[in-house]
Chemist: 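Handing you a structure now.
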Amino acid sequence: MRFVTFALLVLLVLVQAELWFGKGGVPRMLELEAKLQAQEAANDAARARNEQLVAEVRDLEEGMEMIEERARYELGMTKPDEILVQITTPR
């Protein structure tokens, strides 16, 4: 009976040692969690940069239309072969 108890105790210690110090143990898990947090922070920074670039591209694409519209209405500019008609209301 003592031998069985001792053998079970040794097996329990071996399992616990593997859990704490082994390949998939607690220190490795903590290291991987730290790497995961660093990667998530890098991903968030990249995502923010991508959103900024998408906004810049959108501004550049729509900006030409905005410049053209402003030139038409404020400066009275027209495209070639285009006739500008302005209707004004009496004050």
Side-chain angles (χ1 to χ4, degrees):
M1 189 66 162
R2 282 185 153 200
F3 178 72
V4 173
T5 305
F6 181 72
L8 289 175
L9 184 61
V10 168
L11 287 174
L12 180 65
V13 167
L14 288 174
V15 169
Q16 286 295 314
E18 181 67 26
L19 173 67
W20 288 98
F21 307 110
K23 186 177 179 181
V26 173
R28 175 77 173 144
M29 183 193 66
L30 294 174
E31 175 188 343
L32 290 175
E33 283 181 354
K35 284 183 178 180
L36 177 64
Q37 289 176 353
Q39 187 62 50
E40 286 176 344
N43 288 352
D44 289 340
R47 190 173 294 113
R49 176 73 176 135
N50 286 346
E51 289 174 2
Q52 181 183 10
L53 289 173
V54 166
E56 273 185 46
V57 168
R58 190 177 309 119
D59 286 345
L60 289 174
E61 287 174 347
E62 295 173 0
M64 294 306 289
E65 293 173 3
M66 190 170 34
I67 291 170
E68 181 181 343
E69 183 178 334
R70 179 175 259 176
R72 287 174 174 272
Y73 291 110
E74 290 182 10
L75 303 175
M77 299 179 87
T78 61
K79 290 182 180 180
D81 299 328
E82 186 176 60
I83 300 172
L84 176 67
V85 176
Q86 286 184 337
I87 301 174
T88 58
T89 58
R91 292 183 183 192

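Note that the numbering runs from 1 along the sequence shown for the chain. Given the structure is predicted, the values throughout are model-derived calculations rather than measurements.
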Chemist: State which residues pass salt bridge (charged side-chain N to carboxylate O under 4.0 Å, His left out) with Glu61; sequence neighbours excluded, sorted by chain then number.
Modeler: none
Chemist: Sequence neighbours excluded, which residues qualify as side chain to side chain donor-acceptor pair (under 3.5 Å) partners of Lys35?
Modeler: none
Chemist: Please examine the side chains of Leu8 and Leu12, heavy atoms only from C-beta on, and report whether any two atoms are closer than 4.5 Å.
Modeler: no
Chemist: Should Asp44 and Arg47 count as side-chain neighbours, where that means a heavy-atom distance under 4.5 Å?
Modeler: yes
